[in-house]
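We number each residue from 1, following the sequence as shown. Nothing here was measured: the structure is a model prediction, and the numbers come from that model.
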Amino acid sequence: MSNDSNKMHKDPMTLVADWFRRTFSDPQVLALTLALLFIFAVIMFMGDMLAPVLASAVIAYLLEGIVVWLQRFHLPRLVSVVIVFVAFIVFVSAIMFGLLPQVSVQLTQFMQQVPSMLGKGQESLMRLPAMYPELITPDQITTIISTIKTEIGTLGQQAILSLSLSSVVGLITLMVYFILVPLLVFFFLKDKTKIIGWFMQFFPEDRGIADEVWNELDEQISNYVRGKFWEILIIGSASFVAFSILGLNYAALLAVLVGLSVIIPYIGATVVTIPVMAVAWFQWGWSSDFIYLGITYLVIQAIDGNVLVPLLFSEVVNLHPVAIIVAILVFGGLWGFWGIFFAIPLGTLVKAVLTAWPRAHKREQREALQES
């Protein structure tokens with residue numbers, strides 16, 4: 001009771017100072033804190049400059065699992081690295097020279113058809129007051145149409161200005177990425193042990209908590225990202241096949257959007273539904289083809305949510321939906337696309353740190369009791 005009463009009468013600054021002294025006197029906690037601060041500072045302040053290096057490190061990390069798998073067949077590491085690297089180059093080349101040109105052509109065609117789509121949509125809106133005179137007036141429809149036209153015009157001007165200003169810089173950046181990223185990926189895979197050993201020399205030898213967090217995070221990130229890759233590939237391919245069979249316009253473009261939508265849980269599938277159903281409606285109207293497309297799309301989403309996700313992510317630590325949405329908002333706001341892509345692994349990192357942190361103090365208390 002006396003100890004509790006003394007704590008209650010302590011000054012708040014004293015309590016904070018005691019907590020810092022008690023917490024960061026542990027070299028394990030200090031090592032974990034330094035590692036997290038270092039990674040966060042590098043990404044925040046040098047992320048743009050080191051973007052090729054960071055992207056290459058992420059790709060090498062993902063390919064490392066395949067390299068380790070090949071080594072189980074008693075292949076030398078260098079041979080395994082060369083096989084995986086060549087397969088990676090072939091895969092990227094197939095996307096760059098096979099899929100992207102087709103998507104680019106369909107995107108251009110889609111943008112050319114936007115005015116006619118807007119005209120058809122305007123005609124449909126103008127018929128609403130006659131169909132539902134008690135709910136909608138012609139003035140309301142006129143206001144809605146003018147607002148839509150203004151917003152689309154503003155977005156179009158911004159897009160044209162952005163493309164004109166960044167096209168040359170973007171082309172140069174793309175060429176740099178094409179040269180640097182494959183080269184860096186190869187050396188990250190080949191010299192993994194040397195690079196990790198060089199970084200580890202700057203941290204204390206006693207890294208118990210940091211190693212505990214990393215081991216848990218390593219398993220979760222590898223399972224999550226590889227599972228997400230297969231989910232994107234399967235859902236995108238299934239959507240392309242289904243859209244092509246049904247004769248939907250811009251099948252490749254919409255399939256890519258559907259595939260990429262799985263990156264953002266809960267939100268992505270909802271958002272991408274709008275362009276898919278809008279293209280189908282402008283192409284077929286309220287017809288049986290439109291209904292078949294809607295049913296097929298719902299089936300694909302149902303298979304994704306009820307079959308693929310449980311199958312691919314069975315070993316991933318489940319976060320509460322609220323935690324996932326918060327992670328998407330926070331890390332997406334900080335790091336854009338990559339923050340959204342790695343929102344769940346980063347949320348898992350926060351969870352692992354919060355879980356390991358009190359464990360350390362409980363372990364210390366048990367050791368102190370055993371010594372006494």
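Here CG of Leu78 is found 10.0 Å from CD1 of Ile83. Values are rounded to the nearest 0.5 Å. Atom CG of Leu184 and atom CD1 of Ile59 lie 9.5 Å apart (nearest 0.5 Å). Here CG of Leu107 is found 11.0 Å from CG of Leu100. Values are rounded to the nearest 0.5 Å. Put simply, OG on Ser237 and CD1 on Ile232 are 11.0 Å apart, with the number rounded to the nearest 0.5 Å. Going from atom CD1 of Ile291 over to atom OG1 of Thr296 covers 11.5 Å, rounded to the nearest 0.5 Å.
Across every non-hydrogen atom of Met277 and Gly294, the tightest pair is CE-CA, 3.8 Å. Across every non-hydrogen atom of Ser244 and Ala251, the tightest pair is OG-CB, 3.8 Å. Of all the heavy atoms in Ile95 and Pro101, the pair that sits closest is O-CD, 4.4 Å.
Under the 4.5 Å side-chain heavy-atom criterion for ILVMFWY residues, no single connected hydrophobic cluster contains both Leu254 and Leu298. No single ILVMFWY cluster, assembled from side-chain heavy atoms under 4.5 Å apart, contains both Ile245 and Val256. Following chains of ILVMFWY side-chain contacts shorter than 4.5 Å, one can reach Phe91 starting from Val103, so the two form part of one hydrophobic cluster. Criterion: ILVMFWY side-chain heavy atoms under 4.5 Å apart, direct or through other members. Under it, Phe178 and Val86 are part of a common hydrophobic cluster. Criterion: ILVMFWY side-chain heavy atoms under 4.5 Å apart, direct or through other members. Under it, Val68 and Tyr61 are not part of a common hydrophobic cluster.
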Walk me through whether Tyr250 and Phe282 qualify under ring-ring contact (aromatic ring centres under 6.0 Å, His included). CA-CA 12 Å; Tyr250 321 113; Phe282 282 117; over 10 Å; no

In sequence, state the C-alpha distance, the side-chain angles, and the governing distance for Phe243 and Val258, and then conclude on side-chain contact (heavy atoms from CB on, under 4.5 Å). CA-CA 11 Å; Phe243 294 164; Val258 174; 4.2 Å; yes

side-chain contact (heavy atoms from CB on, under 4.5 Å) between Asp289 and Leu246, intermediate numbers included: CA-CA 8 Å; Asp289 290 331; Leu246 293 172; over 6 Å; no

side-chain contact (heavy atoms from CB on, under 4.5 Å) between Leu293 and Val276, worked out: CA-CA 9 Å; Leu293 186 279; Val276 171; 3.9 Å; yes

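A distance-only check finds no donor-acceptor pair linking the side chain of Gln102 to the backbone of Ala252 [under 3.5 Å]. The main-chain N or O of Ile89 is found under 3.5 Å from a side-chain atom of Ser93 such that the two form a donor-acceptor pair.
Not counting sequence neighbours, Phe88 has no partner by the ring pair (Phe, Tyr, Trp, His ring centres under 6.0 Å) test. Under the salt bridge (Lys or Arg N to Asp or Glu O under 4.0 Å) criterion, Lys228 pairs with Glu231, not counting sequence neighbours. Annotation: side chain to side chain donor-acceptor pair (under 3.5 Å) contacts of Gln71 (sequence neighbours excluded): Arg77. Evaluation of the ring pair (Phe, Tyr, Trp, His ring centres under 6.0 Å) rule for Tyr292 yields no partner, not counting sequence neighbours.
Pairs of residues two or more places apart, or lying in two chains, that qualify as side chain to side chain donor-acceptor pair (under 3.5 Å) and include a residue from residues 272-287 are Asn249-Gln283, Thr273-Tyr297.
Of the residues Ile234, Val299, Val262, the one that meets the side-chain contact (heavy atoms from CB on, under 4.5 Å) test with Asp304 is Val262. Leu70 pairs with exactly one of Val79, Val81, Val84 by the side-chain contact (heavy atoms from CB on, under 4.5 Å) rule, that one being Val84.
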N/O donor-acceptor pairs under 3.5 Å from side chains in residues 185-196, not counting sequence neighbours:
from: Lys192; atom 1: NZ; to: Glu64; atom 2: OE2; distance (Å): 3.2

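In this structure, the side chains of Phe85 and Pro182 come closer than 4.5 Å at one or more pairs of heavy atoms.
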